[in-house]
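Here is how names work: the chains are called A, B, and so on, in the same order as the sequence lines, proteins then strands, and each is numbered from 1.
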Amino acid sequence: MGQFKPTPHDPDARGHFGPWGGRFVPEALIAAVDELAAEYDKARLDPEFVGEFQRLLKDFAGRPSLLTEAPKFAERAGTRVFLKREDLNHTGSHKINNVLGQALLTKRMGKKRVIAETGAGQHGVATATACALLGLDCVVYMGELDTERQALNVARMRLLGAEVIPVKSGSRTLKDAINEALRDWVTNVDETHYLLGTAAGPHPFPLLVRDFHRVIGIEAREQILEKAGRLPDAVVACVGGGSNAIGIFHGFIDDADVRLVGVEPGGSGLDSGSHGATLTAGTPGSLHGAMSYVMQDEDGQITEAHSISAGLDYPGVGPEHSHLKDIGRAEYFPVTDAEAMEAFALLSRTEGIIPAIESSHALAGALKLGPSLGPDGLLVVNLSGRGDKDMDTAVKYFGLADGGQA
Amino acid sequence: MSLSDVFSTARAESRAALIGYLPAGYPTVDGSKDHLRSMIESGCDLVEVGLPFSDPVMDGPTIQAAAEQALSAGFRVRDLFDVVSAVSDAGGRAVVMTYWNPVLRYGVDAFARDLAAAGGLGIITPDLVPDEADDWMAASEAHGLDRIFLVAPSSTEERVAMTARASSGFLYATAVMGVTGARDVVSSAAPELVGRVREHTSLPVGVGLGVRSGAQAAEIAGFADGVIVGSAFVSAVAEGETAVRALAADLAKGVRSAAATV
Ligand SMILES: Cc1ncc(COP(=O)(O)O)c(C=O)c1O
């Protein structure tokens, strides 16, 4: 039950991590988030709930996921590298951990309908999968632009029985999909659970999404001790909303000597203004229900994020990351689209693993960190997902259809 | 003139107050000033000046589109104070309706100061609940502004009581569970919610979400102190000034005809 044990890092009763988090939502939703928080408080202590969650992780999602050493990739990084293989989970990313947990909570609350937002489509696919498994109705909101970038995942969701609604407002990406999901939720809250896909949003989402992903860090810590005989110097993860990162960070958060490193989408470079590096370049604000760093203009209008990776293309970030940044426990820096794509190709060629472009940001981060650690250093990189969904982007980026070579 | 005067005047005439909403900067900054003045001249007792926001999660398609139009035409937060000034200079009364992030960015105290200086009377805060409003409580006290929080059909008794204690001026009761947008029928949840609110406070209660006709206004005026109309005004603006005036006049007749039936 270690995964659900309250920790000294939990937020206060109203969801504040220091000055971050809380609930900046319409009053109409307060009853629903209160209900969810109360249900989660009971569930996390209920052996039956925890047992069922763990059974699904094992027998359905295929956990524990492997920890694989990447020696040839490591030659380029200049330090020893292990990969936490969330790409091997059923549906192809870490997202399934949180989805199975929240789908079980939905059933506990007696709700029959689930709505979700998705960017890359990984969370949408995971949600559609869990709903098919557990007999829940599923509606997924997805920015119209992302439905084009990730057409294969749209087809997967539909095959799994979900209704996919393209969102045509605003920037037609992830943030607009969340807006539309919130509008649906406030209208249909009685019978509907909003299965939020990242560690953001109003309390209790940042807490419970983090807890459902803590399994990543708990496994990784045991595995690295077994395989390398020591703790790593740093744990590296990509940060969109921050769920895969917070999940692996928590396994090591009390190990003061382990650096927690979040890698943000730098898009075409911070100077270009075209990026999604919320923690590096954002300012405090409230978006989608919580206080956190956000990308905004001087009037407090939310600006559009840009990243080659649909799953990182988000101008907000989970509040616990803002807290970890402020207290100096975690550090965050961006890598560009080009750096991420180079790491994407490198891992594919050197290790025979095609990573998600999101996860390729973490790999590019490892390439940057590695030289400073040297050959005796040790990194664990969270490989949050696999790259099958990104083939369209790769074909275009590297010109693979015309005989190009990455 | 304060918000309590608005409601006591209406009450003295045995009627509900008519509250009309329009985003500042829609269709243009000057256009919004003109339309807000027309709304007041044609019967609105109070106007809600909306601050266009990039991510309006409480709004349906009509108000979303208006906000997008205002923003893409270059609307700035400082234009809001200009529009509020135009309303108060013309003898009208205005509150602002805004999502919280632009206020945070401007600075809660600075926003309150500049709104008060423009003659604004308070702020309606659709995504700020009293639980998170410490800064706003202090700033509104310091600058003499009213705090209009929302209650919803899903609010528990405890939350209705707590929200009423934190509010001043009036309370905004959302008639339905949902986002803004004109609807054909008045929700049956509205009278029940207003009844629950009255057990906890003597503050006036305004009812909004979905009202678009004089007949609906009359129905709501039968149990509430204020009738709030938003999307219907936004749609009328697209048709022009005559439509705006006609809508305000129809609604103004509506809020007065409930009295005849009691
Ligand atoms: C494979 C993968 N990694 C990472 C992310 C980013 O999300 P988060 O920051 O919540 O882990 C996504 C989101 O779609 C994803 O699909």
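- The contact between A:I302 and chain B is made by backbone and side chain atoms together, counting heavy-atom distances below 4.5 Å.
- Evaluation of the side chain to side chain contact (heavy atoms under 4.5 Å, CB included) rule for B:A166 yields B:P130, B:M137, B:F149 as partners, not counting sequence neighbours.
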Short donor-acceptor contacts under 3.5 Å linking chain B with chain A:
| unit_1 | atom_1 | unit_2 | atom_2 | d |
| --- | --- | --- | --- | --- |
| B:P52 | O | A:Q301 | NE2 | 3.0 |
| B:S54 | N | A:Q301 | OE1 | 2.8 |
| B:S54 | OG | A:I302 | N | 2.8 |
| B:D55 | OD1 | A:K175 | NZ | 3.2 |
| B:D55 | OD2 | A:K175 | NZ | 2.9 |
| B:D55 | OD2 | A:N179 | ND2 | 2.9 |
| B:P56 | O | A:R183 | NE | 3.3 |
| B:P56 | O | A:R183 | NH2 | 2.8 |
| B:D59 | O | A:R183 | NE | 2.9 |
| B:E68 | OE2 | A:G170 | N | 3.4 |
| B:R76 | NE | A:D299 | OD2 | 2.6 |
| B:R76 | NH2 | A:D299 | OD1 | 3.1 |
| B:V77 | N | A:D299 | OD2 | 2.9 |
| B:N101 | OD1 | A:S286 | N | 2.8 |
| B:N101 | ND2 | A:Q296 | OE1 | 2.8 |
| B:N101 | ND2 | A:G300 | O | 2.9 |
| B:R105 | NE | A:D297 | O | 3.1 |
| B:D131 | O | A:R14 | NH1 | 2.5 |
| B:E132 | OE1 | A:H16 | NE2 | 3.1 |
| B:E132 | OE2 | A:H16 | NE2 | 3.0 |
| B:E132 | OE2 | A:R23 | N | 2.9 |
| B:S154 | OG | A:A28 | O | 2.9 |
| B:S155 | OG | A:E27 | OE2 | 2.8 |
| B:R159 | NE | A:E27 | OE1 | 3.1 |
| B:R159 | NE | A:E27 | OE2 | 3.0 |
| B:R159 | NH2 | A:E27 | OE1 | 3.0 |

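- Looking only at heavy-atom pairs under 4.5 Å with chain B, the residue among A:G22, A:G170, A:A31, A:G300 that has the most is A:G300.
- By number of non-hydrogen pairs under 4.5 angstrom with chain A, the leading residue of B:P56, B:P61, B:A65 is B:P56.
- Partners of B:A94 by side chain to side chain contact (heavy atoms under 4.5 Å, CB included), not counting sequence neighbours, listed by chain and number: B:V47, B:V49, B:V84, B:V87.
- Closest approach of B:V129 and A:V25 over heavy atoms only: CG1-O, 3.7 Å.
- Heavy-atom pairs under 4.5 Å with chain B were tallied for A:A32, A:A181, A:P26, A:P284; the largest tally goes to A:P26.
- For B:P52, the side chain to side chain contact (heavy atoms under 4.5 Å, CB included) criterion is met by B:P23, B:A67, B:A70, B:L71, B:F75, not counting sequence neighbours.
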